[in-house]
Amino acid sequence: MAQAPGWLEIPAGHPFGLAALPYGSFTTARHAAEHRVGVAVGDQILDLSTAASRFLPGRADLFSSGSLDQLLGAGDAAWAQVRAEIGKWLTDEAYRDGIEDLLVPAAEAELRLPFTVADYVDFYASEHHASNIGRMFRPESEPLTPNWRHLPIGYHGRSGTVVVSGTEVRRPCGQVKPAGHVSPVFGPSARLDFEAELGFVVGTPSHLGEPVRASKFAEHVFGVCLVNDWSARDIQGWEYVPLGPFLGKSFATTVSPWVLPLAALEHARVRPPSRDAELLGYLAESDDWGFDIQFEVRLNGHLISRPPYATMYWSPAQMLAHMTVNGASLRTGDLYASGTVSGPERGQRGSLIELAWSGREPISLPDGTTRSWLEDGDQVDIAATAAGPGGSRIGLGQACGTIMSAESHPA
Ligand code: CA
(Lines give C-alpha, C1' and ligand atoms only; values in the text may rest on other atoms or scores of the structure.)
Protein backbone atom coordinates (compact mmCIF):
# COMPACT_ATOMS: atom_id res chain seq x y z
CA MET A 1 0.00 0.00 0.00
CA ALA A 2 2.95 2.29 -0.56
CA GLN A 3 1.11 4.28 -3.22
CA ALA A 4 -2.24 5.90 -2.69
CA PRO A 5 -4.44 5.27 -5.70
CA GLY A 6 -4.60 8.15 -8.10
CA TRP A 7 -4.27 9.28 -11.69
CA LEU A 8 -0.51 9.48 -11.73
CA GLU A 9 1.28 6.27 -12.63
CA ILE A 10 4.42 5.66 -10.58
CA PRO A 11 6.35 2.40 -10.98
CA ALA A 12 5.74 0.11 -7.98
CA GLY A 13 8.47 0.40 -5.38
CA HIS A 14 9.86 3.61 -6.87
CA PRO A 15 11.95 5.45 -4.23
CA PHE A 16 10.17 8.71 -5.11
CA GLY A 17 6.62 7.46 -4.62
CA LEU A 18 3.84 9.54 -3.10
CA ALA A 19 5.10 8.85 0.43
CA ALA A 20 8.37 10.65 -0.29
CA LEU A 21 7.73 13.92 -2.19
CA PRO A 22 11.12 15.58 -1.62
CA TYR A 23 11.69 19.22 -2.63
CA GLY A 24 14.41 20.64 -4.83
CA SER A 25 15.33 23.39 -7.26
CA PHE A 26 15.73 22.79 -10.98
CA THR A 27 16.11 24.34 -14.39
CA THR A 28 15.34 22.95 -17.83
CA ALA A 29 17.08 23.45 -21.16
CA ARG A 30 14.05 25.41 -22.34
CA HIS A 31 14.22 27.79 -19.35
CA ALA A 32 17.89 27.58 -18.40
CA ALA A 33 17.96 30.83 -16.45
CA GLU A 34 14.71 30.21 -14.61
CA HIS A 35 15.10 28.33 -11.35
CA ARG A 36 11.96 26.58 -10.22
CA VAL A 37 10.98 24.70 -7.08
CA GLY A 38 10.15 21.09 -7.87
CA VAL A 39 8.86 17.99 -6.15
CA ALA A 40 10.26 14.64 -7.27
CA VAL A 41 7.59 12.06 -8.01
CA GLY A 42 8.56 8.87 -9.80
CA ASP A 43 10.85 9.75 -12.70
CA GLN A 44 9.31 13.20 -13.02
CA ILE A 45 9.48 16.56 -11.31
CA LEU A 46 6.38 18.59 -10.56
CA ASP A 47 6.97 22.28 -11.29
CA LEU A 48 5.75 23.55 -7.95
CA SER A 49 6.39 27.20 -8.76
CA THR A 50 3.69 27.07 -11.46
CA ALA A 51 1.44 24.54 -9.70
CA ALA A 52 1.21 26.75 -6.61
CA SER A 53 0.28 29.79 -8.67
CA ARG A 54 -2.57 27.77 -10.17
CA PHE A 55 -3.92 25.94 -7.15
CA LEU A 56 -2.49 27.57 -4.04
CA PRO A 57 -2.16 31.26 -4.95
CA GLY A 58 -2.05 32.33 -1.30
CA ARG A 59 1.24 30.44 -0.93
CA ALA A 60 2.62 31.02 -4.44
CA ASP A 61 5.20 33.50 -3.14
CA LEU A 62 6.88 30.64 -1.28
CA PHE A 63 8.03 29.19 -4.61
CA SER A 64 8.52 32.21 -6.84
CA SER A 65 12.26 32.56 -6.20
CA GLY A 66 12.96 29.06 -7.47
CA SER A 67 14.76 28.03 -4.27
CA LEU A 68 13.39 26.46 -1.09
CA ASP A 69 14.39 29.49 1.00
CA GLN A 70 10.91 30.97 1.35
CA LEU A 71 9.24 27.63 2.06
CA LEU A 72 11.86 26.83 4.71
CA GLY A 73 11.17 30.12 6.45
CA ALA A 74 7.38 29.76 6.30
CA GLY A 75 7.15 27.42 9.29
CA ASP A 76 5.72 24.02 10.08
CA ALA A 77 2.05 24.89 9.48
CA ALA A 78 2.86 25.98 5.91
CA TRP A 79 5.05 22.89 5.39
CA ALA A 80 2.15 20.62 6.36
CA GLN A 81 -0.35 22.52 4.22
CA VAL A 82 1.84 22.46 1.11
CA ARG A 83 2.62 18.76 1.46
CA ALA A 84 -1.08 17.91 1.88
CA GLU A 85 -1.98 19.98 -1.19
CA ILE A 86 0.68 18.34 -3.35
CA GLY A 87 -0.56 14.91 -2.31
CA LYS A 88 -4.08 15.93 -3.34
CA TRP A 89 -2.98 17.34 -6.72
CA LEU A 90 -1.10 14.17 -7.59
CA THR A 91 -3.98 11.81 -6.72
CA ASP A 92 -7.30 13.61 -7.16
CA GLU A 93 -8.53 13.30 -10.76
CA ALA A 94 -9.98 16.80 -10.51
CA TYR A 95 -6.45 18.27 -10.61
CA ARG A 96 -5.14 16.08 -13.40
CA ASP A 97 -5.62 18.55 -16.25
CA GLY A 98 -3.98 21.39 -14.34
CA ILE A 99 -1.06 19.35 -13.00
CA GLU A 100 -0.18 16.83 -15.70
CA ASP A 101 1.38 19.42 -18.01
CA LEU A 102 3.61 20.63 -15.14
CA LEU A 103 5.41 17.30 -14.81
CA VAL A 104 8.91 17.49 -16.27
CA PRO A 105 10.90 14.31 -17.00
CA ALA A 106 13.67 14.26 -14.38
CA ALA A 107 16.15 13.33 -17.11
CA GLU A 108 15.51 16.70 -18.77
CA ALA A 109 16.05 18.78 -15.64
CA GLU A 110 19.23 20.16 -14.15
CA LEU A 111 19.15 20.04 -10.37
CA ARG A 112 20.43 23.06 -8.46
CA LEU A 113 21.54 23.72 -4.90
CA PRO A 114 18.09 23.53 -3.28
CA PHE A 115 18.43 26.34 -0.72
CA THR A 116 20.81 29.07 0.33
CA VAL A 117 22.98 27.46 2.97
CA ALA A 118 23.19 29.82 5.95
CA ASP A 119 25.44 28.41 8.67
CA TYR A 120 26.94 24.95 8.36
CA VAL A 121 27.80 22.75 11.33
CA ASP A 122 29.17 19.23 11.25
CA PHE A 123 28.76 16.83 14.18
CA TYR A 124 30.54 13.60 15.10
CA ALA A 125 27.56 11.54 16.31
CA SER A 126 28.47 7.96 15.38
CA GLU A 127 30.05 6.01 18.23
CA HIS A 128 31.49 3.51 15.76
CA HIS A 129 33.05 6.21 13.56
CA ALA A 130 34.47 8.14 16.51
CA SER A 131 35.83 4.91 18.03
CA ASN A 132 37.45 3.84 14.77
CA ILE A 133 39.11 7.22 14.33
CA GLY A 134 40.25 7.17 17.95
CA ARG A 135 41.81 3.71 17.54
CA MET A 136 43.70 4.85 14.44
CA PHE A 137 44.89 8.23 15.72
CA ARG A 138 45.37 7.49 19.43
CA PRO A 139 46.08 3.76 19.68
CA GLU A 140 47.53 4.12 23.19
CA SER A 141 44.45 5.68 24.77
CA GLU A 142 40.70 5.17 25.06
CA PRO A 143 39.10 5.39 21.57
CA LEU A 144 36.49 7.94 22.71
CA THR A 145 37.58 11.22 24.27
CA PRO A 146 36.23 11.89 27.82
CA ASN A 147 33.65 14.40 26.54
CA TRP A 148 32.23 12.21 23.76
CA ARG A 149 29.37 10.56 25.68
CA HIS A 150 28.39 13.83 27.38
CA LEU A 151 27.90 16.15 24.41
CA PRO A 152 27.53 15.84 20.64
CA ILE A 153 30.92 17.09 19.40
CA GLY A 154 30.79 19.39 16.38
CA TYR A 155 32.46 22.29 14.60
CA HIS A 156 31.36 25.19 12.43
CA GLY A 157 32.14 24.57 8.77
CA ARG A 158 32.10 26.65 5.60
CA SER A 159 28.60 27.12 4.15
CA GLY A 160 29.82 28.93 1.03
CA THR A 161 31.48 25.79 -0.33
CA VAL A 162 28.45 23.50 0.00
CA VAL A 163 27.76 22.30 -3.54
CA VAL A 164 24.99 20.26 -5.12
CA SER A 165 25.43 16.66 -6.20
CA GLY A 166 27.17 16.36 -9.56
CA THR A 167 29.53 19.28 -8.94
CA GLU A 168 33.13 18.21 -9.56
CA VAL A 169 35.46 18.47 -6.59
CA ARG A 170 39.00 19.64 -7.13
CA ARG A 171 41.69 17.93 -5.07
CA PRO A 172 42.77 20.54 -2.51
CA CYS A 173 46.33 21.68 -1.96
CA GLY A 174 47.67 22.59 1.43
CA GLN A 175 50.27 22.11 4.11
CA VAL A 176 50.98 18.55 5.12
CA LYS A 177 53.68 17.04 7.28
CA PRO A 178 54.57 13.58 5.96
CA ALA A 179 55.89 11.03 8.45
CA GLY A 180 59.63 11.50 9.01
CA HIS A 181 59.68 15.09 7.75
CA VAL A 182 60.94 17.76 10.12
CA SER A 183 59.08 20.57 8.36
CA PRO A 184 55.75 20.68 6.52
CA VAL A 185 55.54 20.66 2.71
CA PHE A 186 52.98 22.20 0.38
CA GLY A 187 51.14 20.25 -2.32
CA PRO A 188 48.02 18.38 -3.39
CA SER A 189 46.41 16.25 -0.71
CA ALA A 190 47.48 12.62 -1.05
CA ARG A 191 44.87 11.38 1.44
CA LEU A 192 41.57 12.53 0.06
CA ASP A 193 38.48 10.90 1.59
CA PHE A 194 34.70 11.04 1.69
CA GLU A 195 32.33 10.97 4.67
CA ALA A 196 28.74 9.73 4.26
CA GLU A 197 26.46 11.82 6.46
CA LEU A 198 22.86 12.87 6.95
CA GLY A 199 22.16 16.62 6.84
CA PHE A 200 19.41 18.47 8.70
CA VAL A 201 17.94 21.57 7.08
CA VAL A 202 16.70 24.29 9.42
CA GLY A 203 13.55 26.15 8.42
CA THR A 204 12.25 28.18 11.34
CA PRO A 205 14.84 30.55 12.83
CA SER A 206 15.31 31.28 16.53
CA HIS A 207 16.18 34.36 18.56
CA LEU A 208 19.70 35.21 19.65
CA GLY A 209 20.12 34.38 23.33
CA GLU A 210 17.30 31.83 23.42
CA PRO A 211 18.26 28.15 23.42
CA VAL A 212 16.08 25.82 21.33
CA ARG A 213 14.87 22.80 23.28
CA ALA A 214 15.24 19.32 21.81
CA SER A 215 11.46 18.94 21.98
CA LYS A 216 11.13 21.77 19.41
CA PHE A 217 13.10 19.82 16.79
CA ALA A 218 10.19 19.33 14.36
CA GLU A 219 9.19 23.00 14.61
CA HIS A 220 12.61 24.16 13.46
CA VAL A 221 13.95 21.41 11.21
CA PHE A 222 12.27 21.12 7.82
CA GLY A 223 13.88 17.97 6.52
CA VAL A 224 16.96 15.98 5.62
CA CYS A 225 19.42 15.64 2.76
CA LEU A 226 22.50 13.55 2.08
CA VAL A 227 25.91 15.04 2.75
CA ASN A 228 29.42 14.10 1.64
CA ASP A 229 31.89 15.86 3.91
CA TRP A 230 34.96 15.54 1.67
CA SER A 231 38.07 15.37 3.86
CA ALA A 232 41.76 15.79 3.12
CA ARG A 233 43.18 13.64 5.93
CA ASP A 234 46.79 14.76 5.53
CA ILE A 235 45.90 18.47 5.65
CA GLN A 236 43.51 17.75 8.53
CA GLY A 237 46.08 15.75 10.47
CA TRP A 238 48.63 18.57 10.50
CA GLU A 239 46.29 21.50 11.10
CA TYR A 240 43.61 20.22 13.49
CA VAL A 241 45.41 20.53 16.84
CA PRO A 242 44.19 22.38 18.89
CA LEU A 243 41.24 24.08 17.17
CA GLY A 244 39.76 21.33 14.99
CA PRO A 245 38.92 20.92 11.29
CA PHE A 246 39.69 23.83 8.95
CA LEU A 247 41.13 23.66 5.40
CA GLY A 248 41.09 19.87 5.32
CA LYS A 249 37.30 20.12 5.19
CA SER A 250 36.29 23.52 3.87
CA PHE A 251 37.20 23.06 0.18
CA ALA A 252 33.88 21.34 -0.67
CA THR A 253 30.86 19.66 0.89
CA THR A 254 28.40 17.91 -1.43
CA VAL A 255 24.66 17.71 -0.70
CA SER A 256 21.90 15.79 -2.45
CA PRO A 257 19.58 17.93 -4.60
CA TRP A 258 16.44 16.68 -2.83
CA VAL A 259 15.38 17.68 0.67
CA LEU A 260 13.07 15.08 2.16
CA PRO A 261 10.66 16.69 4.65
CA LEU A 262 10.53 15.28 8.18
CA ALA A 263 6.87 14.43 7.54
CA ALA A 264 8.03 11.77 5.07
CA LEU A 265 10.11 10.11 7.77
CA GLU A 266 7.31 9.30 10.24
CA HIS A 267 7.55 5.58 9.44
CA ALA A 268 11.33 5.63 9.70
CA ARG A 269 11.56 6.87 13.29
CA VAL A 270 13.35 4.56 15.70
CA ARG A 271 14.80 5.04 19.16
CA PRO A 272 18.53 5.72 19.10
CA PRO A 273 20.73 3.11 20.81
CA SER A 274 20.72 3.17 24.62
CA ARG A 275 23.32 5.46 26.14
CA ASP A 276 25.59 4.70 29.05
CA ALA A 277 26.26 8.17 30.42
CA GLU A 278 23.84 10.24 32.47
CA LEU A 279 22.96 13.23 30.31
CA LEU A 280 22.50 16.81 31.40
CA GLY A 281 18.89 17.96 31.31
CA TYR A 282 18.87 19.77 27.97
CA LEU A 283 20.18 16.63 26.22
CA ALA A 284 18.01 14.15 28.13
CA GLU A 285 14.64 15.09 26.67
CA SER A 286 13.06 14.04 23.39
CA ASP A 287 15.74 11.64 22.22
CA ASP A 288 13.47 9.50 20.03
CA TRP A 289 14.60 11.00 16.74
CA GLY A 290 16.60 8.09 15.42
CA PHE A 291 15.85 7.01 11.86
CA ASP A 292 15.82 3.75 9.94
CA ILE A 293 17.78 5.19 7.04
CA GLN A 294 20.04 2.86 5.13
CA PHE A 295 22.99 4.39 3.30
CA GLU A 296 24.85 2.95 0.33
CA VAL A 297 28.26 4.25 -0.76
CA ARG A 298 29.58 3.47 -4.23
CA LEU A 299 33.08 4.12 -5.54
CA ASN A 300 33.16 4.22 -9.33
CA GLY A 301 29.82 2.42 -9.32
CA HIS A 302 30.96 -0.37 -6.99
CA LEU A 303 29.13 -0.76 -3.66
CA ILE A 304 31.75 -0.43 -0.91
CA SER A 305 29.67 0.27 2.23
CA ARG A 306 26.14 0.18 3.69
CA PRO A 307 26.16 2.44 6.77
CA PRO A 308 23.01 2.21 8.94
CA TYR A 309 21.84 5.58 10.32
CA ALA A 310 19.82 3.82 13.07
CA THR A 311 23.08 3.12 14.93
CA MET A 312 23.84 6.83 15.48
CA TYR A 313 24.42 7.65 19.16
CA TRP A 314 23.30 11.29 19.25
CA SER A 315 19.93 12.30 17.79
CA PRO A 316 19.48 15.39 15.62
CA ALA A 317 17.17 16.83 18.32
CA GLN A 318 20.04 16.61 20.79
CA MET A 319 22.40 18.15 18.22
CA LEU A 320 19.95 21.04 17.77
CA ALA A 321 19.61 21.58 21.53
CA HIS A 322 23.38 21.48 22.01
CA MET A 323 24.10 23.79 19.08
CA THR A 324 21.84 26.47 20.61
CA VAL A 325 22.24 25.88 24.35
CA ASN A 326 24.64 28.82 24.60
CA GLY A 327 22.06 31.12 23.01
CA ALA A 328 23.41 30.88 19.45
CA SER A 329 20.50 31.50 17.11
CA LEU A 330 19.28 29.52 14.12
CA ARG A 331 18.86 30.99 10.67
CA THR A 332 16.62 29.74 7.89
CA GLY A 333 18.84 27.61 5.68
CA ASP A 334 21.19 26.45 8.43
CA LEU A 335 22.54 23.01 7.64
CA TYR A 336 23.89 20.69 10.26
CA ALA A 337 25.24 17.28 9.44
CA SER A 338 25.35 14.17 11.59
CA GLY A 339 28.98 13.27 11.15
CA THR A 340 30.12 10.16 9.34
CA VAL A 341 27.57 7.37 9.60
CA SER A 342 29.39 4.15 10.49
CA GLY A 343 27.87 0.95 11.84
CA PRO A 344 29.61 -1.75 13.89
CA GLU A 345 30.51 -3.97 10.91
CA ARG A 346 33.40 -3.46 8.55
CA GLY A 347 31.07 -3.15 5.55
CA GLN A 348 29.13 -0.41 7.33
CA ARG A 349 31.90 2.17 7.63
CA GLY A 350 31.07 5.54 6.11
CA SER A 351 34.55 6.77 5.18
CA LEU A 352 37.52 5.41 3.25
CA ILE A 353 39.91 6.00 6.15
CA GLU A 354 37.87 3.46 8.14
CA LEU A 355 37.24 1.04 5.26
CA ALA A 356 40.96 0.93 4.37
CA TRP A 357 42.06 1.45 8.00
CA SER A 358 44.20 4.51 7.31
CA GLY A 359 45.86 2.89 4.31
CA ARG A 360 46.88 -0.31 6.11
CA GLU A 361 44.10 -2.45 4.56
CA PRO A 362 43.41 -1.07 1.05
CA ILE A 363 40.06 -2.01 -0.44
CA SER A 364 39.85 -3.86 -3.76
CA LEU A 365 37.73 -2.72 -6.67
CA PRO A 366 36.33 -4.95 -9.44
CA ASP A 367 38.74 -3.43 -11.99
CA GLY A 368 41.64 -4.98 -10.09
CA THR A 369 42.84 -1.73 -8.53
CA THR A 370 42.94 -0.97 -4.83
CA ARG A 371 42.23 2.20 -2.89
CA SER A 372 43.55 3.58 0.34
CA TRP A 373 42.51 7.12 -0.63
CA LEU A 374 40.59 8.68 -3.50
CA GLU A 375 42.35 9.09 -6.83
CA ASP A 376 41.75 11.72 -9.51
CA GLY A 377 38.74 10.72 -11.59
CA ASP A 378 37.16 8.66 -8.80
CA GLN A 379 33.42 9.09 -8.42
CA VAL A 380 31.76 8.71 -5.01
CA ASP A 381 27.98 8.23 -4.91
CA ILE A 382 26.18 8.34 -1.58
CA ALA A 383 22.56 7.16 -1.68
CA ALA A 384 20.02 6.29 1.01
CA THR A 385 16.52 5.00 1.58
CA ALA A 386 14.27 5.35 4.62
CA ALA A 387 11.56 3.09 5.97
CA GLY A 388 8.23 4.13 4.46
CA PRO A 389 4.62 3.04 4.94
CA GLY A 390 3.65 -0.63 4.68
CA GLY A 391 7.20 -1.96 4.64
CA SER A 392 8.17 0.18 1.62
CA ARG A 393 11.39 2.17 1.27
CA ILE A 394 11.43 5.80 0.25
CA GLY A 395 14.37 7.53 -1.38
CA LEU A 396 16.59 10.40 -0.32
CA GLY A 397 18.26 10.55 -3.71
CA GLN A 398 22.02 10.75 -4.14
CA ALA A 399 24.99 12.95 -3.34
CA CYS A 400 27.58 12.35 -6.07
CA GLY A 401 30.93 13.89 -6.82
CA THR A 402 33.97 13.22 -8.99
CA ILE A 403 37.52 14.16 -8.02
CA MET A 404 39.38 16.45 -10.42
CA SER A 405 43.14 16.77 -10.30
CA ALA A 406 44.62 19.61 -8.27
CA GLU A 407 45.88 21.24 -11.48
CA SER A 408 42.51 21.21 -13.25
CA HIS A 409 40.31 24.24 -13.37
CA PRO A 410 36.64 24.05 -12.31
CA ALA A 411 34.18 24.44 -15.18
CA1 CA B 1 32.29 14.98 8.93
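We count ligands from 1, going down the list as the structure has it; atoms in each ligand are counted the same way.
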- For the Ca ion (ligand 1), which N, O or S atom of Glu195 is at the shortest distance? OE1
- Query: How many degrees, to 10°, between Glu197 OE2 and Asp122 OD2 as seen from the Ca ion (ligand 1)?
  - Reply: 100°
- Message: Taking the basic N atoms (NZ, or NE/NH1/NH2) and the acidic carboxylate oxygens, is any pair closer than 4.0 Å for Asp292 and Arg393?
- Response: yes
- Query: Taking NZ, NE, NH1 and NH2 as the nitrogens, is one of them in Glu168 or Arg170 under 4.0 Å from a carboxylate oxygen of the other?
  - Reply: no
- Item | Trp314-Tyr124 aromatic ring centre distance below 6.0 Å | no
- Item | Trace of the side-chain hydrogen bond (donor to acceptor under 3.5 Å, both in side chains) decision for Trp230 with Thr254 | CA-CA 8 Å; Trp230 302 99; Thr254 299; 2.7 Å; yes
- Query: Nearest to the Ca ion (ligand 1), which N, O or S atom of Asp229 do we find?
  - Reply: OD2
